[in-house]
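Structure first, commentary second.
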Number of protein chains: 2
Amino acid sequence: MSTAHHRKKQPLFVRQQLLEVAARLASEKGMTAVTLDAVSGASGVSKGGLLHHFPSKNMLLEALFESLLERLDAAIEEAMRADPLPHGRFTRGYLHACLALRDQPEGTKDWAQVTMVLLTEPQLRQRWHAWVRERSEEYVGTDSSVDAAIVRLAADGIWLADLLGSHDMDESARQKLIDRLIELTQL
Amino acid sequence: MSTAHHRKKQPLFVRQQLLEVAARLASEKGMTAVTLDAVSGASGVSKGGLLHHFPSKNMLLEALFESLLERLDAAIEEAMRADPLPHGRFTRGYLHACLALRDQPEGTKDWAQVTMVLLTEPQLRQRWHAWVRERSEEYVGTDSSVDAAIVRLAADGIWLADLLGSHDMDESARQKLIDRLIELTQL
DNA sequence: TTGACGAAACCGTCCAACTGGTATGTTATG
DNA sequence: CATAACATACCAGTTGGACGGTTTCGTCAA
């Protein structure tokens with residue numbers, strides 16, 4: 001009517017905000033809680049505004065997933081840059097990225113939860129499949145040993161365990177486990 | 001009114017049917033597709049009938065999850081009975097149960113997908129946590145080595161990979177991987 | 001053996017709240 | 001002033017679930 005629309009225009013910020021709210025909702029209340037109304041409500045952005053950034057709910061979810069893959073890629077690349085040994089480097093990077101969840105600032109864990117939530121959506125599962133295929137083809141020279149595969153699988157397992165709260169163990173046990181995994185990548 | 005209600009009374013069968021339909025929906029179309037209408041529609045049971053067996057949607061999901069845990073327990077126990085060596089027996093049973101998904105008759109794979117879908121629901125996540133805790137306490141004597149933990153994590157990873165279609169590998173590579181994992185449980 | 005009876009198993013309808021989405025504004029900013 | 005960045009209003013379909021009905025079935029007295 002009269003007094004409204006006075007929000008400052010910050011397209012990138014608002015877009016990011018919307019994604020974060022969607023992520024939080026998904027991780028805290030499950031997939032069924034991620035509705036357009038809920039997202040717009042919790043983020044203080046109108047539904048119209050939300051639908052301006054993401055033309056449909058599917059687009060929102062896809063953007064969310066894409067954003068997650070970018071984060072994953074960044075984390076892996078960063079770890080790989082600090083790793084001098086080519087053999088098994090990607091696997092160690094992957095492991096490191098999976099481990100990183102636990103220790104990072106709050107909010108980050110949410111993103112992992114979302115990943116799983118999103119992976120239950122059949123369409124996004126294909127996107128993930130594509131990601132894996134790309135990487136496994138790219139690093140076929142340095143990371144295709146049996147033990148490397150085991151480590152990557154275990155990394156997935158740790159990722160799962162961390163975000164489900166299962167397989168809980170104390171810090172020293174965890175460190176031993178990590179050491180052993182890294183050792184396996186070097187064989 | 002007049003011609004209806006002529007269904008034979010088969011409470012256990014109908015109940016099972018409803019759970020299976022819910023499972024199929026969840027795995028094929030994701031969590032958002034599991035609605036009371038959809039379940040009752042696809043199972044040929046009226047919504048009233050559905051709500052008779054499961055007083056609420058949450059109850060339905062919980063029952064579904066419970067049914068999954070029972071299946072998992074049964075699979076593990078069966079594998080453990082055929083295993084003469086105490087050391088690492090549970091871990092091998094767990095591994096076996098996770099591997100079994102792939103090779104079993106059609107429809108079984110769906111159940112794994114459902115498991116993951118259900119795990120995104122925060123309430124059910126706690127139930128899973130409790131399950132893991134129980135088992136890890138029960139088998140602390142025989143399955144608490146670092147390598148056993150790695151194997152169980154890798155089993156989770158395989159479980160994830162199988163149902164996401166990622167980490168695809170040929171049969172001989174898979175067999176090598178399994179052999180190596182079993183070897184690790186025996187150290 | 002029967003048949004009345006109560007409970008359990010199912011059905012069909014209705015509803016308020018919510019769903020994703022459209023259409024049409026209004027305002028900030030280059 | 002044109003366009004992107006928002007907001008507001010509205011809609012048709014769907015949602016979970018409440019409710020009252022109908023039918024089957026085990027049981028137990030007669």
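Keep in mind that what you see is a predicted model, and the values were worked out from it rather than measured. Sequence lines set the chain letters: A, B, ... in the order given, protein chains first and strands last, and positions in each chain run from 1.
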Using whole Å, report how far [atom1] of [X] lies from [atom2] of [N].
{"X": "R15(B)", "N": "dA8(C)", "atom1": "CZ", "atom2": "C1'", "answer": "14 Å"}
{"X": "L50(B)", "N": "dC10(C)", "atom1": "CG", "atom2": "C1'", "answer": "11 Å"}
{"X": "L36(A)", "N": "dT14(D)", "atom1": "CG", "atom2": "P", "answer": "16 Å"}
{"X": "F54(A)", "N": "dG20(C)", "atom1": "CZ", "atom2": "P", "answer": "15 Å"}
{"X": "L51(B)", "N": "dG21(D)", "atom1": "CG", "atom2": "P", "answer": "18 Å"}
{"X": "D37(B)", "N": "dA17(C)", "atom1": "CG", "atom2": "P", "answer": "18 Å"}
{"X": "K29(B)", "N": "dT14(D)", "atom1": "NZ", "atom2": "P", "answer": "13 Å"}

Without hydrogens or angle criteria, can the side chains of S172(B) and D170(B) be said to hold a donor-acceptor pair below 3.5 Å?
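A pair is found: one side chain offers a donor N or O, the other an acceptor, under 3.5 Å apart.
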
When rounded to the nearest 0.5 angstrom, what distance separates OG1 in T91(A) from CD1 in I150(A)?
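CD1 of I150(A) is found 11.5 Å from OG1 of T91(A).
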
Applying the side-chain hydrogen bond (donor to acceptor under 3.5 Å, both in side chains) criterion to Y94(A), which one of D143(A), D156(A), T185(A) satisfies it?
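That would be D156(A); it is the only one of D143(A), D156(A), T185(A) passing the side-chain hydrogen bond (donor to acceptor under 3.5 Å, both in side chains) with Y94(A).
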
Side-chain N,O (S46(A)) to OP1/OP2 (dC6(D)) below 4.0 Å:
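No.
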
Taking only N and O in the side chain of H52(B), is any of them less than 4.0 Å away from OP1 or OP2 of dC10(C)?
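The answer is no; no side-chain N or O of H52(B) sits under 4.0 Å from OP1 or OP2.
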
Could you check whether the side chain of K47(B) and the base of dG16(D) have a donor-acceptor pair of N or O atoms closer than 3.5 Å, going by distance alone?
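Per atom types, the contact qualifies.
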
Nearest listed nucleotide, side chain of H53(B), among dC6(D), dG20(C), dC10(C)
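That would be dC10(C).
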
Residue met sooner reading DNA chain C from 5', once G48(A) and K57(A) are mapped to nucleotides
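Counting from the 5' end, the first nearest nucleotide belongs to K57(A).
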
Check this for me, if you would: do R127(B) and E62(B) make a salt bridge, where the nitrogen-to-carboxylate-oxygen distance has to be below 4.0 angstrom?
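Looking at R127(B) and E62(B), the cut-off is not met.
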
